[in-house]
Structures are given as C-alpha cells and as structure tokens.
Amino acid sequence: DGSLPARLAIWGLLPEAYAAITVGAVVALLRLKSTSTPVVLLRNCVTDSSAKELAEGVSLYGKKADLVALELPYNLQMGEKGLEVLVDSILKAEIPIEDLDLSYNPQLGDAAIKALQPMLDEKAAKLNSLRLQGCDVTAASLERLTARGRAERLRLQLLDLSGNALTGSGEAIGELMAMPILEELCLACCSLTYDDVKEIAEQLPYTSMKSLQLAGNGLGKAHLEALAEQLPECRLDELGLEGNEIKADDLGCLGTAWAKRPFSRLKLSGNLMSQSEIASFVLALRSLQF
C-alpha cells in the first residue's frame with residue numbers, strides 16, 4: 001500500500017524524494033507525517049484509477065500536510081476522468097491548492113481546461129499558478145476559458161501555455177490577459193503568428209503583467225516592432241525572446257522602447273546574432289541609464 005517506503009522515509013532511512021514515487025507512497029506520507037508536505041510531485045505513475053486514490057488522500061490529509069502545490073507532469077495514463085476526480089475532491093475538501101502543474105500530458109488536450117473549469121470558476125479556490133505546458137491545448141479551449149467575461153473573474157497570477165499549438169489564438173490570449181492579477185504569461189513554442197503577437201502586444205498596456213515569455217515562436221523584425229511599440233506603456237519587467245529569428249539589426253526599436261521605460265530582464269539568446277552582438281546591445285542599453 002506504499003506505507004513501507006513512507007515509513008522508511010519518516011524514520012530517516014530513505015530520502016523522502018525516493019519514497020514518494022507512487023501514488024500509494026505519497027498518500028502514506030501525507031497520512032503518517034507529522035510535519036508539513038507543501039508540495040506533491042508525481043511523474044509517470046498517475047492513472048485514472050490511481051487518481052481516485054490520490055484524490056482521497058489529498059482530501060483526507062491535504063490540510064494537515066499544509067499542501068499547496070500539486071505537480072503531475074508526464075502522467076500519460078491519466079485522462080479527463082482522473083483529473084475531474086482530483087478537482088472535485090480538492091474543491092469539496094477545500095484544500096488550498098495554489099500551484100497546479102499538469103505539463104506534458106498531451107492526452108488531456110482541451111479536456112484539461114474542461115476538467116479544471118470548476119476550480120477556475122470557484123471563488124473560494126486558491127489556485128494562482130497553472131502550468132499546462134505541452135498539453136495539446138487548442139484555441140477552442142482558450143475561447144471556452146474566456147467566454148462570457150470569465151477572464152476578468154480568474155485569479156491566476158501565472159499561466160504557462162508553452163508548447164501548445166496556438167496559431168490564430170491572439171484574440172483569445174488577449175482576452176486571457178484581462179485576468180486582473182495575472183503577472184506572468186508563458187507562450188514559448190506556441191507557433192504564434194504576427195497577428196497573434198500584435199494582438200498580445202496591444203493588450204499589454206491594459207494588464208498587470210510583469211513577465212511575458214515568447215521564446216521559440218519564429219519572431220522577427222515585424223513581431224519585435226509590434227511589441228516595442230507597446231513596451232513603454234506597460235508594466236513588463238521581463239521579456240523572453242530566446243530562440244527566435246531576430247537579428248542584431250532588428251534591435252533598434254527595442255532599444256528605443258527600453259530607453260523610454262527601462263526594464264530588468266531581456267532574454268535574447270538563440271537568435272540570429274552572436275553572443276558578442278547581444279552583449280554589445282545590452283551594454284548600449286545600460287549606458288542609457290547614465
């Protein structure tokens with residue numbers, strides 16, 4: 001039932017990270033430990049069947065363990081039914097899950113948003129960080145998430161949609177950005193078009209966002225100009241542009257925008273320029289502060 005590795009971990013005979021490798025072991029740890037377990041991480045072991053066991057364990061012992069983060073990446077045998085059971089148990093037991101990571105579960109697809117909708121809509125829910133990287137989420141899901149003004153009621157501070165094919169989703173993403181306390185939006189490797197990026201950029205001045213990650217989207221000069229136009233008017237403090245198709249000669253608009261409103265972090269590695277060209281540009285930006 002998983003209690004042996006849990007007991008060995010509690011007795012100090014086995015590192016807890018080595019013990020918590022099955023659903024049964026994690027539930028046993030939550031039951032037997034007298035100290036807190038704020039984070040549960042399970043990979044490659046949660047199925048629809050074992051999700052029921054996990055849901056029961058979280059429901060019974062989650063509060064006692066001060067559980068606030070549930071990380072379930074790479075659980076390819078867990079489908080919509082398993083996720084629905086987990087969400088239902090978390091809400092009924094009022095477990096204050098703040099951070100939920102379902103990354104790299106492409107079998108979930110749009111069912112991920114459908115299953116999570118009760119947690120996202122529930123006013124009493126504490127969820128503020130949601131990671132859905134590589135879950136095969138589509139534009140249709142984002143439209144569902146923002147339908148009937150829902151975005152303005154969502155309380156997420158971090159949303160990671162990286163690794164999902166979101167071509168043509170600019171308008172839906174723009175509506176998601178209306179979340180009142182959203183600070184970080186990750187859209188790396190989402191196959192975004194120029195129109196998508198322009199839509200996202202135009203929404204920036206009206207958001208509370210501090211970080212935008214756009215790595216690996218094939219961005220070039222036109223995309224950069226669309227972003228740069230809005231940067232002086234928004235609150236972004238970090239912009240991730242790694243692994244795109246930006247050249248050193250394209251950076252002028254970005255430099256002009258930065259001069260109007262400097263920000264802390266700009267990531268440009270992996271573009272069509274050398275490290276020395278990136279270093280020279282960063283040095284030029286710093287010189288503008290003096």
Side-chain angles (χ1 to χ4, degrees), residues 17 20-23 26 37-48 50-51 54-55 58 62 67-87 89-90 95-120 125-142 144-146 154-167 169 172-173 176-177 179 182-192 200 209 211-217 238 240 242-243 267 270:
I21 58 173
T22 67
V23 171
V26 164
T37 305
V39 181
V40 164
L41 167 61
L42 286 166
R43 299 183 183 183
N44 299 310
C45 64
V46 183
T47 65
D48 277 348
S50 64
L54 179 60
V58 168
L67 182 65
V68 294
L70 190 57
E71 301 177 6
L72 303 173
Y74 298 103
N75 285 290
L76 302 183
Q77 300 303 311
M78 180 183 68
E80 180 180 359
K81 289 183 179 179
L83 183 55
E84 285 178 344
V85 168
L86 273 170
V87 169
S89 293
I90 289 169
I95 308 301
I97 298 296
E98 299 175 4
D99 189 334
L100 181 60
D101 186 353
L102 296 171
S103 296
Y104 305 110
N105 285 297
Q107 80 283 359
L108 290 175
D110 288 339
I113 298 296
K114 180 182 176 184
L116 290 170
Q117 197 75 61
M119 181 180 282
L120 294 169
K126 303 297 183 180
L127 189 65
N128 58 43
S129 175
L130 177 60
R131 293 174 172 84
L132 296 171
Q133 186 171 356
C135 281
D136 205 18
V137 171
T138 69
S141 272
L142 302 191
R144 174 191 177 96
L145 196 56
T146 59
L154 299 178
R155 310 303 296 174
L156 295 178
Q157 291 179 285
L158 181 151
L159 177 60
D160 189 348
L161 294 169
S162 300
N164 294 290
L166 298 177
T167 302
S169 301
I173 293 171
L176 273 177
M177 292 165 64
M179 287 188 279
L182 182 66
E183 294 186 353
E184 183 172 357
L185 179 61
C186 303
L187 297 167
C189 303
C190 287
S191 303
L192 300 177
I200 291 166
M209 283 173 48
S211 174
L212 176 62
Q213 305 301 320
L214 294 171
N217 279 293
E238 178 176 337
E242 314 97 300
K267 297 183 282 188

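Values below: every heavy atom of this structure, side chains too, minus hydrogens, waters and symmetry copies. Sequential numbering from 1 along the given sequence is applied to the chain's residues.
Contacts of Ser169 classified as side chain to side chain contact (heavy atoms under 4.5 Å, CB included), with partners at least two apart in sequence or in another chain: Ala139, Leu142, Leu166, Ile173. Annotation: side chain to side chain contact (heavy atoms under 4.5 Å, CB included) contacts of Ala111 (sequence neighbours excluded): Glu80. Scored by the salt bridge (Lys or Arg N to Asp or Glu O under 4.0 Å) test, Glu242 finds Lys267 as partners (sequence neighbours excluded). For Val87, the side chain to side chain contact (heavy atoms under 4.5 Å, CB included) test picks out Leu83, Leu91, Leu116, Pro118, Met119, with sequence neighbours left out. Partners of Thr167 by side-chain hydrogen bond (donor to acceptor under 3.5 Å, both in side chains), not counting sequence neighbours: none found. Taking the salt bridge (Lys or Arg N to Asp or Glu O under 4.0 Å) definition, one finds that Asp99 meets it with Arg131, sequence neighbours left out. In this structure, the side chain to side chain contact (heavy atoms under 4.5 Å, CB included) partners of Cys186, at least two apart in sequence or on a different chain, are Asp160, Ser162, Glu184, Gln213. Evaluation of the side-chain hydrogen bond (donor to acceptor under 3.5 Å, both in side chains) rule for Gln157 yields no partner, not counting sequence neighbours. Remark: Gln107 engages Asn105 in a side-chain hydrogen bond (donor to acceptor under 3.5 Å, both in side chains) (not counting sequence neighbours). When the side-chain hydrogen bond (donor to acceptor under 3.5 Å, both in side chains) test is applied to Lys126, no partner is found at least two apart in sequence or on another chain.
Between Ile90 and Leu100 there is no side-chain heavy-atom pair separated by less than 4.5 Å. Counting only heavy atoms from C-beta outward, the side chains of Glu71 and Val39 approach each other to under 4.5 Å. Asn44 has its side chain out of reach of Gln77: every pair of non-hydrogen atoms, C-beta onward, lies at least 4.5 Å apart. For the pair Asp48 and Lys81, the minimum side-chain heavy-atom distance is below 4.5 Å. Pro106 has its side chain within reach of Leu76: a pair of non-hydrogen atoms, C-beta onward, lies under 4.5 Å apart. Looking only at side-chain heavy atoms (C-beta outward), Leu182 and Leu154 stay at 4.5 Å or farther from each other. The shortest distance between side-chain heavy atoms of Ile200 and Leu192 falls below 4.5 Å. Using a 4.5 Å heavy-atom cutoff, the side chains of Met209 and Met177 are in contact.
Residue pairs meeting the salt bridge (charged side-chain N to carboxylate O under 4.0 Å, His left out) criterion with at least one partner in residues 37-47, sequence neighbours excluded, do not occur; the list is empty.
Checking side-chain atoms of Asp101 against main-chain N and O of Pro73 turns up no donor-acceptor pair under 3.5 Å. Side chain of Asn164 to main chain of Gly109: no donor-acceptor pair is present (N/O by atom type, distance under 3.5 Å, no hydrogens or angles).
Put simply, OG on Ser129 and CD on Glu183 are 11.0 Å apart, with the number rounded to the nearest 0.5 Å. Between Gln133 atom CD and Ser103 atom OG the span is 5.0 Å, to the nearest 0.5 Å.
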* Output, in order, the C-alpha distance, side-chain angles, deciding distance and verdict of side chain to side chain contact (heavy atoms under 4.5 Å, CB included) for Leu145 and Leu120. => CA-CA 9 Å; Leu145 196 56; Leu120 294 169; 3.4 Å; yes
task: Evaluate side chain to side chain donor-acceptor pair (under 3.5 Å) for Thr47 paired with Ser50, printing each intermediate quantity in order.
output: CA-CA 5 Å; Thr47 65; Ser50 64; 3.2 Å; yes
Exercise. Could you walk me through whether Leu161 and Leu176 pass side chain to side chain contact (heavy atoms under 4.5 Å, CB included), step by step?
Key: CA-CA 11 Å; Leu161 294 169; Leu176 273 177; 4.1 Å; yes
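Results of the side chain to side chain contact (heavy atoms under 4.5 Å, CB included) test with Val40 over Val58, Val68, Val26 single out Val26 as the only residue that passes.
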